[in-house]
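Accompanying notes for the structure given below.
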Number of protein chains: 2
Amino acid sequence: MGEINIKKLACELNLSAATVSRALRDSHEISSETKARVLEMAKKLNYEPNPFASNLRGQKSKTIAVIVPEIANNFFSLAINGIEDVARKLDYHVLIYQTHESSEIETSFLMRLLSGRVDGILISLACETVDKEHIKKVSDQLPVVFFDRVHDDIEGMKIATDDYESAYNAVQHLVENGCKKIAYLLALNTLSTGNKRLQGYLDALKYNNFPDDKNLIMESGANSDENYALIKNLIAEQKPDGILSSIEDLAMPCYYACKELKLNIPRDLKLISYSNLAHAELLNPSLTTINQPAFEIGVEAAGILFKIFNKRWYEPNETIILKSNLIKRESTRGNV
Amino acid sequence: MGEINIKKLACELNLSAATVSRALRDSHEISSETKARVLEMAKKLNYEPNPFASNLRGQKSKTIAVIVPEIANNFFSLAINGIEDVARKLDYHVLIYQTHESSEIETSFLMRLLSGRVDGILISLACETVDKEHIKKVSDQLPVVFFDRVHDDIEGMKIATDDYESAYNAVQHLVENGCKKIAYLLALNTLSTGNKRLQGYLDALKYNNFPDDKNLIMESGANSDENYALIKNLIAEQKPDGILSSIEDLAMPCYYACKELKLNIPRDLKLISYSNLAHAELLNPSLTTINQPAFEIGVEAAGILFKIFNKRWYEPNETIILKSNLIKRESTRGNV
DNA sequence: TTTATTTACGTAAACGTTTACGGAATAATA
DNA sequence: TATTATTCCGTAAACGTTTACGTAAATAAA
């Protein structure tokens with residue numbers, strides 16, 4: 001409860017609230033002496049305008065919402081970092097919500113945000129089947145920018161990475177280093193993000209005349225224990241010599257599974273994984289990763305949102321693609 | 001701009017705005033039939049009360065602020081995760097701010113929050129020398145809970161971990177595994193958090209009758225390049241056989257430095273580091289860490305804040321200590 | 001001098017809620 | 001029946017801003 005408000009401030013200065021308000025907003029209608037007096041007093045009394053009154057009056061909140069599946073994930077926290085950086089420079093506030101991959105929670109957040117609490121939304125969709133209906137309802141009323149976890153069937157501005165190409169190139173990299181049987185750890189398959197990665201994998205297989213073997217595609221399970229079992233089973237049964245993991249959570253269990261199965265990475269099995277694992281460099285062996293420009297995605301997404309605010313953006317339904325980076329490390333080193 | 005507001009909703013129902021408002025808030029003054037009608041229509045029209053009007057009228061924002069040095073840090077993102085979890089259950093909103101360790105930015109955020117935008121603040125202090133003045137000013141007006149990065153000289157509610165004991169025990173663990181010359185990578189030394197870790201280290205040395213050698217304490221530099229150089233120098237010159245790193249950012253360079261100096265971890269040098277490195281398990285060799293209960297710290301801090309809101313907390317100046325967990329891994333394995 | 005323009009400020013309404021107060025209708029009590 | 005209590009709802013004020021409108025004084029133009 002900031003005890004000081006614009007009326008008291010005005011009273012203190014023998015001015016009207018209107019004049020004070022205008023002075024603080026540097027209006028041309030106010031003389032420079034008065035402005036100086038007001039500024040000084042405002043500083044002295046530590047006056048901060050009540051944002052609710054301003055927002056109510058102005059129908060602007062200077063606040064944006066970021067909705068992500070998880071905060072405690074290197075990719076998302078880097079993206080939020082980028083978003084916060086842009087927001088801070090523009091004196092915007094950032095509300096954070098995490099869905100834990102539940103579209104029910106996601107929808108509930110979105111509905112709550114219809115209240116006008118935020119001027120716009122940045123969202124990375126949950127994996128669960130998307131509720132197009134509700135998202136449409138929100139994006140009809142508010143600027144929404146989708147980032148990374150996007151869905152082709154949902155119209156809107158999107159910032160994504162070159163999922164198809166990066167997956168394709170990753171497979172090529174495996175092939176070039178001698179892989180003949182490449183498995184794919186499937187996730188995000190309810191989203192375009194996941195589909196494009198899968199398609200890149202499939203097309204690269206085709207290009208290399210590799211058989212199209214469904215058994216080599218492992219769909220992620222309900223929890224990490226199940227995932228570990230599935231992966232171990234995949235490696236033991238199918239004996240792939242290369243694995244492309246579509247998310248980092250599925251790459252880590254590969255290390256453990258190989259250890260248990262007495263397989264050597266990269267000699268017996270080469271591994272590539274999406275995306276922004278913090279210390280891929282220091283894993284044993286260091287892990288070849290497809291690095292997404294997470295921070296930049298956040299910056300870009302926030303940038304587009306602010307352009308929309310300022311009517312400096314007119315493409316309602318464009319997808320901006322940023323390039324991922326294949327960082328080659330020991331886990332895919334060719335056998336010499 | 002939610003086009004629908006309480007007046008239109010009332011109009012649609014042939015009721016007054018007051019009645020609708022009361023019905024939505026389940027007031028006893030409203031008949032159950034009317035309540036049902038209102039609820040139904042509100043749902044149908046997707047009505048969400050304008051939060052700014054409510055907040056302005058009620059002087060409550062249902063929003064809390066979280067100020068941290070960095071979001072993209074495993075410890076902080078886990079803590080935020082915990083905070084968000086608690087907030088969501090109570091229908092609170094969470095604003096995120098990062099200071100990038102700058103007390104100037106920190107102060108600026110704090111001052112801006114005096115506007116009443118939030119009902120309370122959770123803060124983990126920046127390393128830079130703390131501006132006690134401004135923090136005092138804020139905590140006089142708003143409930144503030146400090147977590148992890150705390151400062152003894154600043155009064156208030158604090159959630160921290162057993163920094164002294166965990167450092168002491170870490171040194172003991174090194175000694176038990178044969179270390180005779182243990183270095184310390186110093187950081188956070190402007191905060192109590194850092195001081196206690198250092199003190200734990202020093203006292204453990206004393207307990208073991210190890211000499212008190214200032215050269216074994218390396219203060220972190222301005223950036224990661226400098227840190228790497230300092231660490232390499234420390235290892236090369238002082239030839240410690242054990243290192244305790246007070247933050248994870250200083251532990252990673254040890255791996256690189258040892259690689260370059262052809263030293264083997266843990267044979268030639270044993271390493272322990274704070275705190276929540278994501279994949280310490282998979283490093284080469286796996287890293288012994290002092291794991292802080294990051295998520296729980298977030299939950300606890302948020303819980304206290306909400307208790308303060310509900311006047312269910314009366315200790316203005318208490319420190320709650322959560323236990324860290326020393327997770328022993330290969331980097332401190334004894335020579336056999 | 002008279003009139004138009006500019007400057008600098010005040011008045012009051014509006015933003016969308018919530019709630020104190022009041023009041024009419026109904027039910028309970030005397 | 002007369003009085004009181006209860007139930008249910010409406011009126012209007014208030015929260016702290018911002019801004020359209022008005023206006024008095026000073027200045028410029030005629």
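Keep in mind that this is a model prediction, so the values were computed, not measured. Lettering of chains follows the sequences in order, A, B, ..., and the numbering in each one begins at 1.
Look at NZ on Lys7(B): it is 9 Å from C1' on dT17(C), rounded to the nearest Å. When rounded to the nearest whole Å, the span between CZ of Arg57(A) and P of dT17(C) equals 16 Å. Taking atom CD on Glu29(A) and atom P on dA8(C), their separation rounds to 10 Å, with Å as the unit. The nearest whole Å value for the distance from the NZ atom in Lys8(B) to the C1' atom in dT17(C) is 15 Å. The nearest whole Å value for the distance from the CG atom in Asn5(A) to the C1' atom in dT17(D) is 10 Å. Between the P atom of dT18(C) and the CG atom of Leu9(B) lies a distance of 11 Å, rounded to the nearest Å. For the pair Asn55(A) CG and dG16(C) P, the interatomic distance rounds to 13 Å; values are reported in whole Å. As a whole-Å value, the separation of Phe52(A) CZ from dT18(D) P is 14 Å.
The 5' end of DNA chain C is approached more closely, in terms of each residue's nearest nucleotide, by Leu56(B) than by the other of Ala18(B) and Leu56(B).
Salt-bridge formation is detected for the pair Arg149(B)/Glu101(B): a Lys NZ or Arg NE/NH1/NH2 atom is positioned less than 4.0 Å from an Asp or Glu carboxylate oxygen.
No donor-acceptor contact under 3.5 Å links the side chain of Gln59(B) to the base of dC15(D). Interface remark: the Arg22(A) side chain does form a donor-acceptor pair with the dG10(C) base, using a distance-only criterion of under 3.5 Å.
Nucleic acid contact for Ser54(A): sugar-phosphate only, since backbone atoms but no base atoms lie under 4.0 Å from a heavy atom of the residue.
One finds a side-chain N or O of Ser21(A) lying less than 4.0 angstrom from the OP1 or OP2 phosphate oxygen of dT18(D). For Ser31(A) and dT7(C), the shortest distance from a side-chain N or O to OP1 or OP2 is not below 4.0 Å. Note on Tyr47(B): a side-chain N or O is less than 4.0 Å away from OP1 or OP2 of dT17(C). Put simply, Thr19(B) has no side-chain N or O that comes within less than 4.0 Å of OP1 or OP2 on dC8(D). Checking the phosphate oxygens (OP1, OP2) of dT19(C), a side-chain nitrogen or oxygen of Arg25(B) falls inside 4.0 Å.
Of the candidate nucleotides dC15(D), dT18(D), dC9(C), dC9(C) has the atom nearest to the side chain of Leu15(A). Nearest nucleotide to the side chain of Ala53(A), out of dG16(C), dC21(C), dG16(D): dG16(D).
Between His93(B) and Tyr97(A), the ring planes lie perpendicular to each other; the angle is over 60°, past the 30° to 60° tilted range.
Side chain of Ser27(A) to main chain of Ala23(A): no donor-acceptor pair is present (N/O by atom type, distance under 3.5 Å, no hydrogens or angles). Without hydrogens or angle criteria, Gln98(B) side chain to Asn81(A) main chain gives a donor-acceptor distance under 3.5 Å.
When every heavy atom of Thr319(B) is checked against every heavy atom of Ala160(B), the shortest pair comes out as CG2-CB, 4.4 Å.
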